[in-house]
There are 2 protein chains.
Amino acid sequence: MGISKTELFTPEQNEIASIAKAIAHPARIAILQYLVDVNSCVCGEIVDEIGLSQSTISQHLKELKKMDIIKGEVEGVKVCYCINRQKMDSIRILFNQIFKQFSCC
Amino acid sequence: MGISKTELFTPEQNEIASIAKAIAHPARIAILQYLVDVNSCVCGEIVDEIGLSQSTISQHLKELKKMDIIKGEVEGVKVCYCINRQKMDSIRILFNQIFKQFSCC
DNA sequence: AGTATTAATCGCAATATTACGATTAATAGT
DNA sequence: ACTATTAATCGTAATATTGCGATTAATACT
């Protein structure tokens, strides 16, 4: 992408964009919704649920974890993922603020 | 990206991801915030405000317009862009619903 | 110790995104 | 008609993303 120009923007602008990017994939939305449904679960179950390969799902989980949107807890051979509800809450509040700016007069 | 696998996901999941992608760039956040500040303005002013080239800004505007997040009105040689507040409102409601799912118990 | 299971990582290919300069098309002003 | 202004588009380069198979590392179970 040529050069990324994050230095042109405020930390808040970069933060919002980063969060948006983390959820800007249908598979990641599907993963989050699945985690809500089952409350928490292991990677293998997500692979079965969504029709993507194990390595691909693992990468998506990594991206979500990078942004602190989900947490992964090792349970022996398996890893139990769950939504970081506190982070989710702060994202919801942040986005609501921003969108209110954009939508209100 | 190998092959995009949108067919694996629901229309809603794809829609949310698309909207998120549209705002998943700090320049586009900055553009929207600037449009809020000045209420409406022409492309050239945005180019001056943000430190990116005219062609790059034009592309970002195109992406935002593609998702119906902004509207562009031709005024002679200039084009006046403004936020589509109705769309913004529906996005805010949609995202709030989704994030509430993710954050509440 | 040997095998099975699980998930992370590596390496690769295909495609998308970001950015810019140059060009183009369209209008406005002379 | 000529020129200036504006914004879209084209072409291109650099980089990121998405996806998969293969491999690896780590634990659990014989």
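Note that this is a predicted model, so its numbers are computed, not measured. In what follows, every chain begins at residue 1, and chains take the letters A, B, ... in the order their sequences are listed. Quick note: numbers below take in every heavy atom, side chains included, and nothing from hydrogens, waters or symmetry partners.
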Can you list the residues that meet the salt bridge (Lys or Arg N to Asp or Glu O under 4.0 Å) rule with [X], with sequence neighbours excluded?
| X | result |
| --- | --- |
| A:Lys62 | none |
| A:Glu15 | A:Lys87 |
| A:Lys66 | A:Glu63 |
| A:Lys78 | none |

Distance check needed: [N] [atom2] versus [X] [atom1], whole Å only.
| X | N | atom1 | atom2 | answer |
| --- | --- | --- | --- | --- |
| B:Lys5 | C:dT15 | NZ | C1' | 14 Å |
| B:Ile29 | C:dT18 | CD1 | P | 12 Å |
| B:Glu75 | C:dA26 | CD | C1' | 15 Å |
| A:Asp48 | C:dA7 | CG | C1' | 13 Å |
| A:His25 | C:dT15 | NE2 | P | 15 Å |
| A:Glu45 | C:dT6 | CD | P | 10 Å |
| A:Ile46 | C:dA7 | CD1 | C1' | 11 Å |
| A:Lys66 | D:dA16 | NZ | C1' | 10 Å |

Nearest 0.5 Å please: distance from the [atom1] atom of [X] over to the [atom2] atom of [Y].
| X | Y | atom1 | atom2 | value |
| --- | --- | --- | --- | --- |
| B:Ile98 | A:Ile29 | CD1 | CD1 | 7.0 Å |
| A:Asp89 | A:Ile83 | CG | CD1 | 11.5 Å |
| B:Ile69 | B:Arg85 | CD1 | CZ | 13.5 Å |

Do B:Leu64 and B:Val42 land in one hydrophobic cluster if side-chain heavy atoms of ILVMFWY residues count as linked below 4.5 Å? no

Exercise for review: Can you label the angle between the B:His25 ring and the B:His60 ring as parallel, tilted or perpendicular, going by 30° and 60°?
Suggested key: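 Judged by the thresholds at 30° and 60°, the geometry between B:His25 and B:His60 is tilted.
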
Specify the residue among A:Lys65 and A:Thr6 whose closest nucleotide of DNA chain C lies further upstream toward the 5′ end.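 So the residue in question is A:Lys65.
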
What nitrogen or oxygen pairs link the protein and nucleotides 1-5 of chain D at under 3.5 Å?
none

Review point. What nucleotide among C:dA19, C:dA8, D:dA7 has an atom nearest to a side-chain atom of B:Leu52?
Key: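 Between C:dA19, C:dA8, D:dA7, the one nearest the side chain of B:Leu52 would be C:dA19.
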
query: What does A:Val42 touch in the nucleic acid at a heavy-atom separation under 4.0 angstrom: a base, only the sugar-phosphate, or nothing?
result: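 Sugar-phosphate contact only.
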
DNA chain D nearest-nucleotide lookup for A:Val74 and A:Arg28: closer to the 5′ end is A:Arg28

* Asked: Which of residues 53-62 of chain A have a heavy atom under 4.0 Å from DNA chain C?
  ->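 The stretch gives A:Gln54, A:Ser55, A:Ser58, A:Lys62 as the residues lying under 4.0 Å from the strand, ordered by number.
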
